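These notes concern the structure reproduced below.
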Amino acid sequence: SFTKSLGQNFLIDENILQKIVDASAIGPGDRVLEVGPGIGVLTQAMAQRGAFVTAVEIDRRLIPILSDTLAGYDHASVVQGDILKVDLPALWQEHLEGQPFSVVANLPYYITSPVIMAILQSGLPLQSMTLMIQKEVADRMSAAPGGNDYGLLSVAVQFYCRAELQFMVPPSAFMPRPKVGSAVITLTKLPECPAGPVDEDAFFHLVRAAFAMRRKTLHNNLAASNFGLSRDQVREKIEACGLSPAVRAEALSLQDFARLTRAFYGAD
Ligand code: SAM
């Protein structure tokens with residue numbers, strides 16, 4: 001039986017399975033963190049290619065099945081737990097031997113963004129993430145400024161990674177079938193933030209404030225948040241960044257947000 005609330009849609013298409021592993025480009029000895037292995041089809045496919053996989057699964061009923069599936073592989077381990085509650089640095093030390101690692105997962109869709117953000121913000125030496133997610137979320141993560149899909153999630157992901165949509169996956173590839181279309185996306189960790197040097201906390205505070213009310217101008221959104229500045233002072237700072245106060249956050253690049261961050265929070 002499947003537990004809908006845990007986002008259990010198991011992949012049953014062998015071809016898609018191999019395409020995910022191909023997209024991840026993992027090979028022998030690579031360390032991989034998998035979120036939500038289910039019955040272990042993806043875990044096993046990666047172990048077969050010689051990767052050292054640690055899989056975190058919340059559903060206790062699946063642990064014996066997983067242990068069975070992975071019994072023949074020296075370097076596959078299963079941890080029972082909630083990925084949003086595990087101590088990631090401890091897991092990394094213990095199971096990924098404190099080495100650079102990648103994430104490969106057919107994610108439970110109800111926690112897609114929190115999982116991705118927790119891993120990106122952990123500060124651990126992530127190399128890439130290859131993820132099956134909802135098509136619509138993949139579009140938002142890979143969106144460029146100006147389009148309808150561009151928002152807080154695009155900026156948050158692109159602050160750390162290059163996001164590339166790989167391929168679509170139809171509902172028929174899963175059991176049971178999800179109601180939405182899916183896509184595989186790769187997020188490649190960037191050596192340096194594309195926004196340039198900027199304080200991370202300040203940047204995210206500013207971006208959240210800028211996107212607070214979707215239809216409002218940048219000026220209205222920033223004036224409504226707690227910078228302790230008058231409306232006029234907010235307008236002046238926006239203009240000093242070479243931007244129009246009437247612009248909407250949806251049109252701004254990461255570099256624009258970084259300039260605004262420096263203007264509103266002082267140099268770096
Ligand atoms: N990897 C398998 C596959 O491709 O067939 C299963 C993918 S299924 C979409 C998502 C899996 O994540 C399920 O096995 C579910 O039990 C597990 N899961 C759900 N919430 C979780 C959480 N908070 N922490 C860890 N695993 C979770």
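All values derive from a computational prediction rather than experimental measurement. Just so you know, ligand 1 is whichever comes first in the structure, and atom 1 is the first atom listed for that ligand. Below, all heavy atoms of this structure are taken into account, side chains as well, without hydrogens, waters or symmetry copies.
Under 4.0 angstrom from ligand 1, there are no non-hydrogen atoms of Phe174. Counting heavy atoms closer than 4.0 Å to ligand 1, residue Leu42 contributes nothing at all. Heavy atoms of Met132 found under 4.0 angstrom from ligand 1: none, in either backbone or side chain.
Remark: ligand 1 atoms within the under-4.0 Å shell around heavy atoms of Phe10 are 5 (O), 6 (C), 14 (O). Of all atoms in ligand 1, listed by their number and element, those nearer than 4.0 Å to a heavy atom of Asn9 are 7 (C), 8 (S), 9 (C). Residue Val56 has at least one heavy-atom neighbour below 4.0 Å for each of these atoms of ligand 1: 25 (C), 26 (N). The atoms of ligand 1 that sit less than 4.0 Å from any heavy atom of Gly81 are 24 (N), 25 (C). Here is the list of ligand 1 atoms found below 4.0 Å of a heavy atom in Leu107: 9 (C). Atoms of ligand 1 found under 4.0 Å from any heavy atom of Ile111 (numbered from 1 in listed order, with element): 22 (C), 23 (N).
For atom 5 (O) of ligand 1, the candidate residues are Leu11, Leu17, Ile83; the nearest heavy-atom contact is made by Leu11. If you check each of Asn106, Ile58, Thr43 against atom 25 (C) of ligand 1, the one with the closest non-hydrogen atom is Ile58. Heavy-atom proximity to atom 14 (O) of ligand 1, evaluated over Glu34, Gln8, Glu57, Met175, is greatest for Glu57. The option with the heavy atom closest to atom 8 (S) of ligand 1, from among Gly38, Gly40, Gly7, is Gly7.
The shortest contact between atom 19 (C) of ligand 1 and any protein heavy atom is with Leu6 O, 3.0 Å. Among protein heavy atoms, atom 1 (N) of ligand 1 sits closest to Gly36 O, 2.9 Å.
The minimum heavy-atom distance linking Asp30 with Ala25 is given by the pair OD2-O, 4.2 Å. Considering every non-hydrogen atom in both Val53 and Glu34, the closest pair reads CG1-CB, 4.2 Å.
Taking the six-membered ring where tryptophan is involved, the planes of Tyr109 and Phe174 are perpendicular, since the angle between them exceeds 60° and thus also 30°. Note on ring orientation: taking the six-membered ring where Trp is involved, the planes of Phe264 and Phe227 are tilted (angle from 30° to 60°).
The environment of CG in Asn226 is sparse: at most 12 heavy-atom neighbours from other residues, nucleotides or ligands sit within 6.0 Å.
Taking a 4.0 Å cut-off on heavy atoms, Tyr109 fails to register as neighbouring ligand 1. In this structure, Ala105 has no heavy atom closer than 4.0 Å to ligand 1. Residue Leu84 places every heavy atom at 4.0 Å or more from ligand 1.
Checking only distances, Pro37 does come within under 3.5 Å of ligand 1, N or O to N or O. Residue contacts with ligand 1: Asp82 is placed with a nitrogen or oxygen under 3.5 Å of a nitrogen or oxygen of the ligand (distance criterion only). An N or O contact shorter than 3.5 Å links Tyr110 to ligand 1 by distance.
Geometrically, Lys189 does not engage Tyr160 in a cation-pi contact defined by less than 6.0 Å to the ring centre and at most 45° from the axis.
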**Message:** Pair Asp22, Arg49 - check salt bridge (Lys or Arg N to Asp or Glu O under 4.0 Å), show working.
**Reply:** CA-CA 10 Å; Asp22 288 344; Arg49 295 204 193 179; 2.8 Å; yes
**Request:** Kindly determine whether Thr69 and Gln44 satisfy side chain to side chain donor-acceptor pair (under 3.5 Å), including the steps that lead there.
**Result:** CA-CA 7 Å; Thr69 310; Gln44 186 175 26; 5.8 Å; no
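In this structure, the separation between CZ on Phe52 and CG on Leu96 is 11.0 Å, given to the nearest 0.5 Å. Atom CG of residue Asp149 and atom CZ of residue Arg140 lie 8.0 Å apart, to the nearest 0.5 angstrom.
In this structure, Ser122 contributes its side chain and Leu124 its backbone to a donor-acceptor pair below 3.5 Å.
The six-membered or imidazole ring of Phe159 lies near that of Phe204, with a centre-to-centre distance under 6.0 Å.
No side-chain heavy atom of Lys135 sits under 4.5 Å from any side-chain heavy atom of Val180.
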